[in-house]
Amino acid sequence: MFIQQLYTSCLSEAAYYIESNGESVLIDPLRDTTTYVELASKRNTTIKYIFETHFHADFVSGHLDLQERTGAPIIFGPLTTTSFPVTIAKDGEVFSVGDCTIEVLHTPGHTLESTCYLLKDAGGKPHAVFTGDTLFVGDVGRPDLSSGDLAIEDLAGMLYDSLNTKIKTLPDDVIVYPAHGPGSACGKSIGPETETTIGAQKISNYALLAENKKAFINAVTEGLEAPPDYFFINARINKEGYDSLEKLLAKSLNPLSAVDFDRKMNEEAKRIVLDTRNAEEFVDGYIPEAVFIGLNGRYAEWAGSLLPFDHSILLVTEPGKEKESIIRLARVGLDRVEGYLNGGMEAWRKANFPIDLIINIEADELAMDIPFDKNLLVLDVRKEVEFAEGHVKDAMNIPLETLKDPGAMAILNESDNIYVNCGSGYRSVIAVSLLKRQGFHNVRNLVGGFDAIKKEKSIVIEKESKALN
């Protein structure tokens, strides 16, 4: 038996490759399937099945592309309905993989079709359970993402039953392999590890420690932030199908000269210029009105959260990063890339097209400006919970994810001298690019974010009262 977790940090997503005696299966594959096919080929195995734990909301799964490449059937759990042919497994059904078996455990709650897969060794002993979004390290799946008419409390009640009848009853030494790790919005507070055991979760997971169903429902539904809008788009794509990544790349890997790029950029209003370079390069010069989302951060998540799905995209990348930029957008269903700037920003500069800049400000400069600038406004784009735990005195909080709506900027004045900070500096550059796109040009980016601000003793930091309790 061989198990490999294939973890994608920028999405906090884990796919799994399981192998036994010349046969292998994939669980919850990403859309770019080459890694899986190459792994099976390297290990000289045949991919026999493609298992999906549910309709994922935070990424477009690779089940269709992987089936096309391997011929392996796609397996979903009970209550699944799709627009393409799949095998709907029964609760308790067993699939063989070499000398091992995989048992289907239908665990509705996160979604109606949510299913876990219990791997047993050649002797029939439970070895590991692949829990999808049903059980995480230190958390459980949020019950507010399912399509249908069920209330969040109804799904939470189902999740309680699933965990108590199907998961907690497994032996304590069974390894738990979830679909997500820390940073994923599919749970409230997922722990730092990407695997655990049933026994460890029974003594440490707040949801599994709930004394009854009512307490469980209250615990898992309290304090849930609204999910990103693209979650519902991705779930629909996974249910209805999509074009192959090969076709998408053939259409999107379209090199454009600076002249052609400029022409396309101005052809229609529903077009976004997306710059995926590092923040340091972006602030030193970028195409006016371009949106920055750098590849070196949680690129796909922020792209899905901030970019409109009905707009075409033109890319500016570091030369050689065009394909990666397109593939990682495709992971969250952003498929409308029309091309990229051939030669990158150097080609744009050589063509003498306009360039915009972002002013970077160090924390010590902010400290000097605060006492004297009556129009100074510190705009903190971190999440509300981060802001509550500590921020510059009198700062305004507009979380980055809300800035996709220009109406969120209506409370800002053009006369304000806006200093933008996040936690460490990545999100603030995104925010400044969005603000400048909407016509706010008296804007500065705080280098190093709140991490740097905290080190300046002359800057007054305050907390929200709710964070003090």
Side-chain angles (χ1 to χ4, degrees), residues 5-16 27-31 51-63 76-77 80 107-117 129-148 150 152 155-156 158-160 162-163 167 176-196 201 205-208 216-217 219-239 298-306 328 331-333 383 385 399 401:
Q5 183 184 73
L6 299 145
Y7 196 76
T8 304
S9 297
C10 68
L11 287 172
S12 302
E13 189 272 346
Y16 295 93
I27 297 179
D28 292 338
L30 284 178
R31 192 171 182 182
F51 290 98
E52 289 285 358
T53 56
H54 64 296
F55 293 126
H56 300 280
D58 59 313
F59 68 94
V60 176
S61 180
H63 50 296
F76 274 93
T80 299
T107 51
H110 174 63
T111 65
L112 290 175
E113 78 284 350
S114 284
T115 297
C116 301
Y117 297 104
V129 61
F130 300 84
T131 55
D133 288 20
T134 295
L135 177 66
F136 300 125
V137 176
D139 205 355
V140 294
R142 57 191 300 165
D144 62 336
L145 302 181
S146 180
S147 57
L150 288 173
I152 181 175
L155 282 163
M158 289 183 184
L159 184 57
Y160 175 84
S162 294
L163 289 166
I167 303 301
V176 174
Y177 288 117
H180 296 291
S184 170
C186 293
K188 285 200 303 183
S189 55
I190 300 175
E193 295 83 18
T194 60
E195 63 180 79
T196 182
Q201 290 310 291
N205 190 313
Y206 77 95
L208 299 191
F216 176 89
I217 292 172
V220 301
T221 58
E222 183 181 19
L224 279 176
E225 295 181 355
D229 291 343
Y230 80 93
F231 271 29
F232 302 99
I233 296 172
N234 281 198
R236 187 184 72 244
I237 292 171
N238 284 324
K239 184 174 183 177
R298 298 186 74 87
Y299 167 73
E301 284 188 358
W302 283 118
S305 297
L306 296 171
R328 289 172 63 180
R331 288 175 180 170
V332 292
K383 292 181 179 294
V385 64
E401 53 268 30

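Side chains included, hydrogens not; waters and symmetry mates left out as well; all remaining heavy atoms used. Positions are given from 1 along the sequence.
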Any H110 side-chain heavy atom under 4.5 Å of T107 side chain: no

Short side-chain to backbone donor-acceptor contact, T80 and F76, under 3.5 Å: no

Distance-only polar pair, side chains of D58 and H180, donor-acceptor under 3.5 Å: yes

Donor-acceptor side-chain pairing of R331 and T8 below 3.5 angstrom: no

Distance-only side-chain donor-acceptor flag, Q201 / T196, under 3.5 Å: yes

pair R142-D133: side-chain heavy atoms closer than 4.5 Å: no

Check: E52 side chain, I27 main-chain N or O, donor-acceptor pair, under 3.5 Å: no

Check: E13 and D28 side chains under 4.5 Å, non-hydrogen atoms: yes

Pairwise side-chain contact, C10 with R328, heavy-atom cut-off 4.5 Å (strictly under): yes

E401 with K383: basic N within carboxylate O range, under 4.0 Å: yes

Any donor-acceptor N or O pair under 3.5 Å, side chains T131, T134: no

is_close_aromatic(Y16, F130), centroid dist under 6.0 Å: yes

Side chain to side chain, L135 and L208, heavy atoms closer than 4.5 Å: yes

Which atom pairs, donor and acceptor, lie under 3.5 Å between side-chain atoms of residues 229-237 and protein residues at least two apart or in another chain?
| residue | atom | partner | partner atom | Å |
| --- | --- | --- | --- | --- |
| D229 | OD2 | K404 | NZ | 2.5 |
| N234 | OD1 | F59 | N | 3.3 |
| N234 | ND2 | V332 | O | 2.8 |

